[in-house]
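In what follows, chains carry the letters A, B, and so on, assigned in the order in which the sequence lines appear, proteins first and then strands, with residues in each chain numbered from 1. Note that the structure is a prediction, hence the values are computed from the model and not measured.
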Amino acid sequence: MHELSIVMSIIDIATKQMQGSNASEIEEIELEIGALSGVEENSFEFAWRQAVKNTPLQNALHVVNKIEGVATCLDCMIDFSVKNLYDACPVCGGHFLNIKKGKELKVKSIVVN
Amino acid sequence: MCVTCGCDAEGSVTMHVPGQENNHDHSNGHSHSHSNAKTTLSVEQDILQQNNLLAERNKGYFDAKNILALNLVSSPGSGKTTLLEKTLTDLKEELTFSVIEGDQQTTNDADRIHATGTKVTQINTGKGCHLDAHMVLHALQGMKPVNDSVLFIENVGNLVCPAMFDLGEKERVVIISVTEGDDKPLKYPDMFYTSTVCVINKIDLLPYVPFSVDKVKENALKINRNLQIFEVSCTTGEGLNEWYSWLKSKVLAPDKV
């Protein structure tokens, strides 16, 4: 359940941002979570519901932009989509990859009131 | 005129809506607050930034004192503490060690390390499933490891959660025992992806279990081609010399920045 730690960090970041803008409530928060970031969606949603209680994010809509995995094969230098870290290059079958997208774990923006 | 509310910043026209009194300060350009307006704030911040900053702080501490910090991760029961006990005892005369133990409950592991004569601090995470950089920072403040030494941080037995949390370590060592199944790297790829070293433990049990060392290596290298692999048995001592040589070579060669 590291998702709980992730949610707690999001609450910290959002609360600090909100306080800096003299707002009192967060209406919406936009997140970026990559498919290879190690965050399990169901666990995240479960942790979210419990953790945001009595925080400025209590009533906030959370929008999660899921980023699909993209890797570059360092032998062929081609880009292709990956679902798992152990996926092979579709051209050479090699595993010498550089993950370009899919590791994101980011708070993009918040809408405050 | 202010495009947000219609106020005239020059002072002649002001807007008032009863019950919605805004705090307008037009004295410096258009920086004024609208307490009833929605504002989108661009944040663009990594969710793990706080942990990563603290990890960098730990890293600076280790670099300055030439401490080789290793983060030991594995599932429960793979032999992390036994590997530590062996290493601490066998290399006692050659290297200086300290240990941070991470477990949800009990000081059992710290007691085992203490029995080897090594300086040790136990972190109990309670319900927590991993150590983070902040916990390690606090443990360091208490234990003050000496210069030119080796610090082992034994993480909570868990092949999932600790993968995401940088503690500031130089090397992340994932330990897998032959009783666990050779497909484990594929089942828990994040841990193998973020590790730098893999120790395959309990190889003395290979005759009794359907575990292929070649298969597990192949699977681990599919995820992380740079993984350095050791095969050891803490019971018979087989393979430990290679692990010790690697450890010693790492202490004696501080990083060039």
Side-chain angles (χ1 to χ4, degrees), chain A residues 1-34 36-40 43-44 69 74-75 82-89 93-99 103-113, chain B residues 23 25 31-54 104 125 127-135 155-156 158-165 183-195 218-227:
Chain A
M1 272 303 280
H2 55 284
E3 284 79 3
L4 182 61
S5 305
I6 301 288
V7 174
M8 299 303 281
S9 299
I10 294 171
I11 294 170
D12 274 354
I13 292 168
T15 305
K16 279 197 188 107
Q17 290 285 334
M18 183 201 77
Q19 285 163 348
S21 71
N22 294 319
S24 57
E25 203 184 4
I26 299 169
E27 289 203 353
E28 192 179 315
I29 181 162
E30 189 186 0
L31 308 167
E32 242 178 39
I33 299 183
L36 304 171
S37 68
V39 171
E40 179 58 41
S43 305
F44 180 82
L74 296 177
D75 288 322
V82 282
K83 286 209 156 42
N84 300 298
L85 291 169
Y86 49 81
D87 285 351
C89 166
H95 291 276
F96 196 22
L97 311 181
N98 179 36
I99 305 291
K103 298 293 278 179
E104 295 81 358
L105 209 48
K106 206 180 205 186
V107 179
K108 285 288 284 178
S109 63
I110 56 173
V111 179
V112 295
N113 196 341
Chain B
N23 169 26
D25 172 17
S31 149
H32 57 280
S33 66
H34 293 264
S35 62
N36 293 317
K38 284 186 193 179
T39 316
T40 302
L41 304 174
S42 175
V43 182
E44 298 286 346
Q45 194 175 319
D46 195 305
I47 293 169
L48 294 172
Q49 191 192 48
Q50 188 59 27
N51 183 75
N52 292 341
L53 288 173
L54 290 171
Q104 285 198 324
T125 59
K127 298 285 177 278
C129 49
H130 56 267
L131 295 180
D132 62 32
H134 193 227
M135 298 176 196
N155 219 311
V156 177
N158 178 341
L159 262 187
V160 187
C161 310
M164 295 187 83
F165 298 87
D183 57 350
K184 209 145 219 189
L186 301 183
K187 288 177 171 173
Y188 301 95
D190 291 306
M191 195 60 92
F192 288 82
Y193 182 77
T194 59
S195 292
E218 185 190 323
N219 287 334
L221 292 172
K222 269 184 194 172
I223 294 159
N224 183 349
R225 202 161 119 157
N226 301 316
L227 208 56

Point to revise | Region of B:Phe165 in contact with chain A, defined by heavy-atom distances below 4.5 Å | key: side chain

Review point. Is it the backbone or the side chain of A:Gln17 that comes under 4.5 Å from a heavy atom of chain B, or both, or neither?
Key: both

Revision key, fill the gap. Rounded to the nearest 0.5 Å, the CG atom of A:Leu97 sits from the CG atom of B:Asn224 at a distance of 11.0 Å

Check your understanding: Going from OG on A:Ser5 to CE on B:Met164, what distance comes out if it is rounded to the nearest 0.5 angstrom?
Key -> 9.0 Å

Check your understanding: At a heavy-atom separation under 4.5 Å, does A:Lys16 approach chain B through its side chain, its backbone, both, or neither?
Key -> neither

Check your understanding: Between B:Ile223, B:Leu41, B:Asp132, which shows the greatest number of heavy-atom pairs under 4.5 Å with chain A?
Key -> B:Leu41

Review point. To the nearest 0.5 Å, what is the distance between CD1 (A:Ile33) and CD1 (B:Ile47)?
Key: 5.5 Å

Point to revise | From CD1 (A:Ile6) to CG (B:Leu48), nearest 0.5 Å | key: 4.5 Å

**Study point:** Leading residue by heavy atom contact count with chain B [cutoff under 4.5 Å; candidates A:Leu36, A:Asp87, A:Ile13, A:Leu4]
**Key:** A:Ile13

Exercise for review: Could you tell me which non-hydrogen atom of A:Ser109 sits nearest to which non-hydrogen atom of B:Ser42, and how far apart they are?
Suggested key: CB-CA, 4.1 Å

Study note, to complete from the structure: Smallest heavy-atom separation, A:Gly38 atom then B:Asp190 atom, equals CA-OD2, 3.8 Å

Practice item. Please report the shortest heavy-atom distance between B:Leu186 and A:Tyr86, naming the atom on each side. Key: O-CE2, 3.3 Å

Exercise for review: To the nearest 0.5 angstrom, please state how far the CD atom of B:Glu44 sits from the CD atom of A:Glu30.
Suggested key: 8.5 Å

Check your understanding: For A:Ile26, is it the side chain, the backbone, both or neither that has a heavy atom under 4.5 Å from a heavy atom of chain B?
Key -> neither

Check your understanding: Checking side-chain contact (heavy atoms from CB on, under 4.5 Å) for the pair B:Phe192/A:Leu85: CA distance, chi angles, key distance, verdict?
Key -> CA-CA 10 Å; B:Phe192 288 82; A:Leu85 291 169; over 6 Å; no

Study note, to complete from the structure: Taken to the nearest 0.5 Å, the spacing of A:Glu25 CD from B:Lys38 NZ works out to 10.5 Å

